Asker: 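My structure is below; once you've seen it, I'll send some questions.
Being a predicted model, the structure only gives us computed values, none of them experimental.
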Amino acid sequence: MQGSYGPPDRFNEDKATFAVRGGGDTPDIEAGVAAIRNVVQTLPTRPGVYRMQDARGDVLYVGKARALKSRVSNYTQIKNLTKRLQRMVSQTRSMTIVTTNNEAEALLLEAQLIKRYRPPYNVLLRDDKSFPFILLRADHEFPRIQKHRGARRSKGDYYGPFASAGSVNNTLNALQKLFLLRSCTDGFFKTRDRPCLLYQIKRCSAPCVGRIDKAGYDELTSDAKKFLAGKATDVQAKLGTQMQAAAEAMDFETAAVVRDRLRALTFIQGSQFINAEGVGDADIFALACLEGVIGIQAFFIRGGQNWGHRSFFPTHTAEVAEAEVLTQFLMQFYEEVPPARAVLVDRVLPDVEVLAEALTTLAGRKVAIEVPQRGTRKRLMEQACRNATEALERRLAESTTQAKLNREVADLFELAEPPQRIEVYDNSHIQGTNAVGAMVVAGPEGFRKGQYRKFNIRNKDTVPGDDFGMMREVLTRRFSRAIEEDPDRDGDTWPDLVLLDGGRGQLNAAKAVLEDLGIEDVCMVGVAKGPHHGREGREVFHLLDGRELTLPVNSPVLFYLQRLRDEVHRFAIGAHREKRAKAIGASPLDEVPGIGPARKKALLMHFGTGKAVRNASLADLQKAPGVSAGVAQQVYDFYHAK
């Protein structure tokens, strides 16, 4: 039964399954005990992982043990088990056993299998979504700085994890102001012949058109690396020296640019509300429990800088000791995120040496798990504990339907916080005619109808009937204006979430627009009908990273997103019908400059039709009542000028 392994994949699983027939799907505690006893007879005393399965083979629970035989035999002592574990035993009909070389390997395998099978009797990390990093790429002459999720296939330096998309977006925004590094794609970079808008608002040094040379850009890149490594003081001193030198040389324009960068650095330092100087790299975790619900607060400190905090609410925690919940949480959490050198927790954990060994194996370097006792680390832990309690209280206090919906939307689309502004886009036309784009806005209080917008499709390069082209035009106009009017996003006009009525094609068109504008931190989702086209409840949600999500047909979140989609349908169709009605009632005289409604009516009443007005002679036009000689000449010249 022994196997050597590492993860799935780190582990090559060598398993043995023991089953007892009978009992069907009906819970039967005697049958469960019999199944477990049958397994215990052949178990070794080695470390390993065990899986309990029901009659259908579905995994009920994954556990690890220092000695498999003694640990699994405990489940046959029914009187000593909690009610939760008694229910689990009553459903157990078979077990799968994997032996390991030591307990740390068993802990790693346990976390991996819990993530794979998500058993109903294990503590589960509900928010086990990928965490964002900052990537400073090294595969181009002028490195690009960008947000990154997923596998690290690109060559470059990775900084993270950040607690949320909001945290990494704020840092990227600051880095653009401070170091003027490019954020555009290589394709966009290659085709530029003049600086883009980001250069105009001092967020890029425009290496694409030679506004900065290679040596100058390399210096900016080096400063950015120092800043991300926690050496902000060195960068500040260097900028101060540069500003003073420029001022002494009477180069006041350069001095002003450096001054603005210094201001940005000072603002960043002041906005980091957690002072973690001297802590280095550390992850801080504090647990709170209220009314049987557990919340865990995580702070991420890198190089003494706060890289954000995030709340987690693990499930299946009933009748599980709080320290055990935190241990299970940490192992599942670090399945996706590299551990910091120091993991700070608010309580003593069981088998902490084994946990530290497992995390050291994951990180490939030593990881220490500590309970802070004094100094800055103790102060940070107290702050984390306070935040954990407050976050849990807020979660329990959320009672209104809309607040819950917004929170669930944030969970679904991996937003840092519940969205305060959702923008939904759609197009409407008939075979390309009278095309119009529409935007509706929703917030925590409902639809914000005063902020709805319609966009007449007027770009000559947009092919009539090209939905992708229309979406590109609408979003280009919308976000270009947003950059011009509120580049620092101090107001409430920037969306937290953008929904597009359409599938992968619409989403890709929208993504290209934002990339061209240098915007990478707006969450966009395409809402498309599923395989049963036209049936409510089969919508597919397309995400920027290529994933597709569906929701149960009775999901309240699905109903809410459908309402948003239906509202933009209604508004777009209404705008299209209004435009079509105006087109039907339009007259050739509408195009004549200086002709108002009264004179247009007088001409039509006299000549009968617009065509007759166009064909009339100058003398006939002058005879029309209410039309002066000058107006008659103007109308005649409009239609007859060569």
Asker: Determine, for Arg137 against Asp186, whether the closest basic-nitrogen to carboxylate-oxygen distance falls under 4.0 angstrom.
Answerer: no
Asker: Which atom names give the shortest non-hydrogen contact between Phe479 and Glu423, and what distance separates them?
Answerer: CZ-OE1, 4.4 Å
Asker: Are any of the side-chain heavy atoms of Leu561 and Leu412 separated by less than 4.5 Å?
Answerer: yes
Asker: Output yes when a side-chain donor or acceptor of Trp494 lies under 3.5 Å from a complementary backbone atom of Val522, and no otherwise.
Answerer: no
Asker: Can you find a pair of side-chain heavy atoms, one from Ser428 and one from His569, that are under 4.5 Å apart?
Answerer: no
Asker: State whether Arg149 and Asp545 are salt-bridged, where the test is any N-O pair (Lys NZ or Arg NE/NH1/NH2 against Asp/Glu carboxylate O) under 4.0 Å.
Answerer: no
Asker: Pick from Leu475, Val424, Val474, Asn427: which one makes a side-chain contact (heavy atoms from CB on, under 4.5 Å) with Leu500?
Answerer: Leu475
Asker: Any side-chain heavy atom of Arg144 sitting closer than 4.5 Å to one from Ser154?
Answerer: no
Asker: I want to check something: taking the side chain as every heavy atom from C-beta on, are Asn169 and Arg489 in contact at a cut-off of under 4.5 Å?
Answerer: no
Asker: Report the distance from atom SG of Cys523 to atom CG of Leu499, rounding to the nearest 0.5 Å.
Answerer: 8.0 Å
Asker: Side chain of Arg448, backbone of Ala442: donor and acceptor closer than 3.5 Å?
Answerer: no
Asker: Show the nearest heavy-atom pair for residues Val209 and Pro195, with the distance to one decimal.
Answerer: CG2-CG, 3.7 Å
Asker: Counting C-beta onward and ignoring hydrogens, is there a side-chain heavy-atom pair between Val440 and Leu564 closer than 4.5 Å?
Answerer: no
Asker: Does the pair Leu172 and Lys147 meet the rule for a side chain to side chain contact (heavy atoms under 4.5 Å, CB included), with working shown?
Answerer: CA-CA 8 Å; Leu172 276 174; Lys147 181 170 65 176; 3.8 Å; yes
Asker: Taking the six-membered ring of Phe189, is the NZ or CZ of Arg182 close enough (under 6.0 Å from the centre) and on axis enough (within 45°)?
Answerer: yes
Asker: Supply the atom-to-atom distance Tyr217 OH to Ile212 CD1, rounded to the nearest 0.5 angstrom.
Answerer: 8.0 Å
Asker: Say you draw a straight line from CD1 of Ile483 to CG of Leu198; how long is it, rounded to the nearest 0.5 Å?
Answerer: 6.0 Å
Asker: To the nearest 0.5 Å, what is the distance between CZ (Arg394) and OG (Ser311)?
Answerer: 6.5 Å
Asker: For Arg504 and Glu548: C-alpha separation, side-chain torsions, deciding distance, then whether side chain to side chain contact (heavy atoms under 4.5 Å, CB included) applies.
Answerer: CA-CA 9 Å; Arg504 178 61 54 190; Glu548 297 180 2; 4.3 Å; yes
Asker: When the ring planes of Phe455 and Tyr425 are compared, do they come out parallel, tilted or perpendicular, using 30° and 60° as the limits?
Answerer: tilted
Asker: Can you tell me if Asp426 uses its side chain to pair, donor with acceptor, with the backbone of Ala438 under 3.5 Å?
Answerer: no
Asker: Any side-chain donor paired with an acceptor under 3.5 Å for Glu520 and Ser183?
Answerer: no
Asker: What's the spacing between Cys208 SG and Phe188 CZ if we round to 0.5 Å?
Answerer: 7.5 Å
Asker: Apply side chain to side chain contact (heavy atoms under 4.5 Å, CB included) to Glu485 and Thr493, showing your working.
Answerer: CA-CA 9 Å; Glu485 295 181 348; Thr493 59; over 6 Å; no
Asker: Judged by modelled atom types alone, do Arg211 and Tyr199 share a side-chain donor-acceptor pair under 3.5 Å?
Answerer: yes
Asker: Do the side chains of Leu558 and Phe541 get nearer than 4.5 Å, heavy atoms only?
Answerer: yes
Asker: With a 4.0 Å cut-off, would you call Arg563 and Glu567 a salt bridge?
Answerer: no
Asker: So with a 6.0 Å cut-off around CD of Gln633, is the heavy-atom count from everything else above 12?
Answerer: yes
Asker: Quick check for you: to the nearest 0.5 Å, what is the distance between Glu515 atom CD and Leu517 atom CG?
Answerer: 10.5 Å
Asker: Is there side-chain contact between Val409 and Pro418, with heavy atoms separated by less than 4.5 Å?
Answerer: no
Asker: Less than 4.5 Å apart, side chain to side chain, heavy atoms only: is that true for Leu181 and Pro143?
Answerer: no
Asker: Apply side-chain hydrogen bond (donor to acceptor under 3.5 Å, both in side chains) to Gln562 and Glu539, showing your working.
Answerer: CA-CA 9 Å; Gln562 286 173 345; Glu539 284 79 4; 3.1 Å; yes
Asker: Is the closest basic N to carboxylate O distance between Asp566 and Arg570 below 4.0 Å?
Answerer: no
Asker: Ignoring hydrogens and geometry, is there a side-chain-to-backbone donor-acceptor pair from Ser222 to Asp218 under 3.5 Å?
Answerer: no
Asker: May I have the step-by-step check of side chain to side chain contact (heavy atoms under 4.5 Å, CB included) for Asp411 and Val557, ending in yes or no?
Answerer: CA-CA 11 Å; Asp411 290 342; Val557 176; over 6 Å; no
